[in-house]
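Take a look at the structure below.
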Amino acid sequence: RSRGLGDVYKRQLLVEFLRRYKDDVEAVRQCCGALMNITCHGPSAVLCASAGGAEAIVEALRAQAADLGAAKRGCWALCHVAGANDAAKTRCVAAGGPQAIVLALRKHPTPAGQDVAKQACRAIAAITESGTTVPATLSACGEAGCVEAVVDSLMLHISTDTVVENCCRAMVNLVQGCEANLLKCGMAGGIDALERAVRLRTGARSKALNSAENALTVMTVHIGEQV
């Protein structure tokens with residue numbers, strides 16, 4: 001029925017539909033899938049955030065975190081929306097986005113949940129990307145358990161390159177400029193997980209190896225500065 005409507009109306013309809021049917025798992029899967037597709041470009045993601053997209057996705061993700069498809073698509077859509085700009089990041093955090101993402105990760109603690117881990121860590125990385133809201137955002141993500149959830153995902157899916165890349169990106173964002181998150185990461189076994197990820201890939205260069213080495217360097221440098 002939305003054919004022929006402008007993209008603005010499509011976004012508004014999807015956001016409203018997601019709000020109304022957040023307790024319907026199939027509706028959440030379909031709406032989040034559509035939102036993740038139409039928000040893959042910056043301007044569209046900004047408009048979606050302005051229409052309340054971040055809040056609607058967070059509510060739906062929280063309601064359907066136990067469903068693998070809904071969790072994966074919800075985190076994916078949230079990654080696009082939260083990455084739009086600083087205002088979108090702020091709205092995502094205020095709506096409880098970090099807590100919803102951690103919930104999604106905790107609901108899928110087995111190798112079968114690697115797609116959820118991939119998108120969830122992407123979303124955390126997007127929320128914590130550089131910007132004017134970073135200090136408050138990093139604290140909120142740390143308090144929500146994002147650091148420990150990322151480290152756990154790295155250890156669980158350490159053989160899957162795409163998950164390792166996203167975990168490392170999220171980890172770097174979380175610890176840079178936040179001493180509390182750096183301490184959480186160390187206590188959760190972050191350095192051990194990164195060293196293992198590097199050892200598993202020794203002998204063949206890859207994006208995952210580069211990401212793990214970079215994250216390990218960031219961790220050790222920042223820890224050294226604290227000593």
Side-chain angles (χ1 to χ4, degrees), residues 7-8 10-12 14-15 18 28 31-62 65 70-105 115-147 149-150 153-154 162-178 181 207-208 210-211 214-215 218:
D7 285 346
V8 171
K10 289 180 182 179
R11 279 187 292 270
Q12 291 174 341
L14 284 167
V15 169
L18 188 56
V28 170
C31 284
C32 287
L35 283 171
M36 77 186 196
N37 287 330
I38 67 173
T39 58
C40 58
H41 300 294
S44 182
V46 170
L47 291 171
C48 184
S50 299
E55 293 85 351
I57 295 167
V58 168
E59 287 182 22
L61 180 57
R62 188 182 296 118
K72 179 185 76 171
R73 295 179 186 184
C75 288
W76 198 331
L78 198 58
C79 171
H80 288 175
V81 174
N85 55 27
D86 286 348
K89 290 178 175 61
T90 298
R91 293 185 70 152
C92 178
V93 172
Q99 291 88 342
I101 294 168
V102 170
L103 178 62
L105 284 169
D115 286 341
V116 174
K118 176 181 175 181
Q119 300 306 330
C121 291
R122 276 187 71 213
I124 292 171
I127 293 170
T128 55
E129 207 70 65
S130 60
T132 59
T133 63
V134 163
T137 298
L138 291 179
S139 295
C141 286
E143 291 171 4
C146 289
V147 176
V150 168
S153 293
L154 177 58
T162 52
V163 178
V164 169
E165 290 171 35
N166 291 337
C167 285
C168 291
R169 180 183 163 206
M171 194 182 297
V172 168
N173 288 355
L174 285 164
V175 303
Q176 289 195 107
C178 186
N181 285 351
K207 290 182 179 179
N210 292 339
S211 297
N214 176 62
V218 169

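Note that the structure is predicted; figures quoted are calculated from it, not measured.
- Here Arg62 contributes atom CZ and Ile101 contributes atom CD1; the two are 11.0 Å apart, rounded to the nearest 0.5 Å.
- Under a 3.5 Å cut-off, the side chain of Asn166 and the backbone N or O of Lys118 do form a donor-acceptor pair.
- Contact annotation: the side chain of Leu78 approaches that of Cys92 to within less than 4.5 Å [non-hydrogen atoms, C-beta and beyond].
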Output, in order, the C-alpha distance, side-chain angles, deciding distance and verdict of salt bridge (Lys or Arg N to Asp or Glu O under 4.0 Å) for Arg169 and Glu129.
CA-CA 9 Å; Arg169 180 183 163 206; Glu129 207 70 65; 2.7 Å; yes
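- Remark: Arg91 CZ to Asp86 CG distance equals 14.0 Å, nearest 0.5 Å.
- Between Leu18 and Cys31, the closest heavy-atom pair is CD1-CB, 3.7 Å.
- The line from SG of Cys75 to CG of Leu105 is 6.5 Å long, rounded to the nearest 0.5 Å.
- The nearest pair of heavy atoms linking Val93 to Pro98 is CA-CD, 3.9 Å.
- In this structure the side chain of Cys121 never reaches within 4.5 angstrom of the side chain of Val163, judged on heavy atoms.
- Between Ala70 and Leu61, the shortest heavy-atom contact is O-CD1, 4.3 Å.
- In this structure, Asn181 contributes its side chain and Leu138 its backbone to a donor-acceptor pair below 3.5 Å.
- Taken from CD1 in Ile127 to OG1 in Thr90, the straight-line distance is 11.0 Å, to the nearest 0.5 Å.
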Determine, step by step, whether Leu154 and Val150 satisfy the side-chain contact (heavy atoms from CB on, under 4.5 Å) criterion, reporting the C-alpha distance in whole Å, the side-chain angles of both residues, the deciding distance to 0.1 Å, and the verdict.
CA-CA 6 Å; Leu154 177 58; Val150 168; 5.5 Å; no
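- Here CG of Asn173 is found 11.5 Å from SG of Cys168. Values are rounded to the nearest 0.5 Å.
- With hydrogens and angles disregarded, no donor-acceptor distance shorter than 3.5 Å links the side chain of His80 to the backbone of Ala45.
- A pairwise comparison of heavy atoms in Ile124 and Ala170 identifies CG2-CB, 4.0 Å as the closest pair.
- Here the side chains of Cys141 and Leu174 are in contact, with some heavy-atom distance below 4.5 Å.
- Ala95 and Val58 get closest at one heavy-atom pair: O-CG1, 3.3 Å.
- In terms of heavy atoms, Ala71 sits closest to Val116 at CB-CG2, 4.0 Å.
- Side-chain atoms of Ser139 come within 3.5 Å of backbone atoms of Pro135 as a donor-acceptor pair (strictly under, hydrogens ignored).
- In this structure, Ile38 and Cys48 have side chains that are not in contact, with every pair of non-hydrogen atoms separated by 4.5 Å or more.
- Rounded to the nearest 0.5 Å, atoms CZ (Arg73) and CG (Leu35) are 11.5 Å apart.
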